[in-house]
Amino acid sequence: MYEGAVQNLIDELGRLPGVGPKSAQRIAFHLLSAETADVKRLVNALVEVKERVRFCAICGNVAEETECRICRDPRRDAAVICVVEESKDVVAIERTREFRGRYHVLGGAISPIEGVGPDDLRIKELMTRLSDGQITELILATDPNLEGEATATYLARLVKPMGLKVTRLASGLPVGGDLEYADEVTLGRAFEGRRSLEF
Amino acid sequence: MYVSQLQLADYRSYASAHVVLEPGISTFIGPNGQGKTNLVEAIGYVATLGSHRVATDAPLVRQGAERAIVRAELVKDGRTALVELEINPGKANRARLNRSSATRPRDILGLLRTVLFAPEDLALVKGDPGERRRFLDELLIARAPRYAGVRSDYDRVLKQRNALLKSASARFFKQRAEPDLSTLDVWDDHLATAGAELLAARIGLVAELQPLVAKAYGELASSGGLPVLHYRGSAWPEGTEVPADRDRLAGLLRDALVQARPQELQRGVSLVGPHRDDLYLRLDELPAKGYASQGESWSYALALRLAGFELLRADGDDPVLILDDVFAELDAERRRRLAEHVRTAEQVLVSAAVPGDIPDELVGRRFRVQGGTVERE
């Protein structure tokens, strides 16, 4: 145990995801020996993120104004919505530069063990967006695990009466990888989702 | 295949132990409570990632120690593999293969295959359905390790669905509020898909076991009688024969879930699925549980294990046979017949309290186990 302020800092850092007691200690001592200006910059960044960042009123992504950059962009295709669990999934898909539509961030996945049901996710907001008739395709890009699949199935059932095109991201082999290293489940899925090669 | 070396650290009664083994028959002799079973249990753990005696890992770690380590060297077709398992109760276990960096323990499954006979086996016949489900699932996983994934996927769906049912029924009873069932259909769907895969495999396995069990029983028991295996599913009416067809089984599960829903909501648990099934064992027309004599029950339990052995052997590689203290439970005639049956396996490990318990057919290299040490005689 360290005295007062140092221990407080270690405790606070230790609360962060992915930071164990040893790392917390290392970061704390790094900050202690850092220039005051550097620490001030970090403090400002922390305060700013809580003060300035909000969630987009339309899609739920992180934003600095009422609407996020993507929702405001008129060049984005307003007819296609890609549903993801978290904001960081938006960033991942944006990196591909393949998708030109808009997003909807649910804020998690259905998981009764953790007490997360449909009402705890931004599903009502999604239904409102879908009801204006502009949207023609819904892409379900929740995580390919049990909870993500369950959320996707739930959404697919829910929007079925609306007659939209509903698609789910494919699962299968990683590009550039070796077949022999794929686990059985992934390989099995890849077999199920195989497609014919046409010339 | 055979185990050529076994090293233990802080495992049960052993602070440390190192045993060099060879193919053929090895016997471990020593008074009770000296660590014979712990030795073979550790080998079984490498094969199934579970103990045949306890459901949790905590008792496997020596008192006062934080973790236990089991290291086994396996020889298969002339090639050796070194498996290391670190058992951390309450935390994730770790595994290493050939001293390379950590692997998932699940990837170790299938490297070592064992068939273990133990006094606890009587529960296969006389015990709860859970014992028989475990017997089937362990055999499935030994034959095709991917079923470990199927099984854990199913368990995960079940856990989620039970959590939902529990909260729905609590809300209904406490607040008289209509439960939100919109997501239950989704979990039904996933339960049916995951459950059907497990069911199809189990039903197929039972069909393969049937003739082998009948044959083994005929050789072990003196009294005659024909053992009949029947997979009793919670999703279809008693006595129905259901084919091992995944689509058909998923359909049956879905229908059964619809019917069971009111009851499930009342009780807050899933009442339909592979976790509620049983392997129904009959001897001629009568259920083995409750009707078979002690001797018949033993013959039945041994016949199930032997059938498992034959099935694994037919896949092309002899599993390691472990006979943990079973001879003390059997009469002279059954001892002799069991010994006759197993002596041809590539490696047989036998434990007994006194040398006299071991039939002459199974006398091989002898190890003395006393006070947590193992010495070759």
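Note on naming: letters A, B, ... go to the chains in the order of the sequence lines (proteins, then strands), and numbering restarts at 1 for each one. Values reported hereafter were calculated over all heavy atoms of this structure, with side chains retained and with hydrogens, waters and symmetry mates removed.
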Interface residues of residues 136-163 of chain B facing chain A - heavy atom cut-off under 4.5 Å: B/R146, B/R156, B/V157, B/K159, B/Q160, B/A163
So which bits of [range] come within less than 4.5 Å of chain B, counting non-hydrogen atoms only?
range                       : answer
residues 72-98 of chain A   : none
residues 129-148 of chain A : A/L146, A/E147
residues 102-115 of chain A : A/I110, A/S111, A/P112, A/I113

Heavy-atom contact with chain A under 4.5 Å, split by part of B/D189: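 Contact with chain A is through the side chain of B/D189 alone.
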Interatomic distance, A/T153 atom OG1 to B/D188 atom CG [nearest 0.5 angstrom]: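 So the OG1 of A/T153 and the CG of B/D188 are separated by 12.0 Å.
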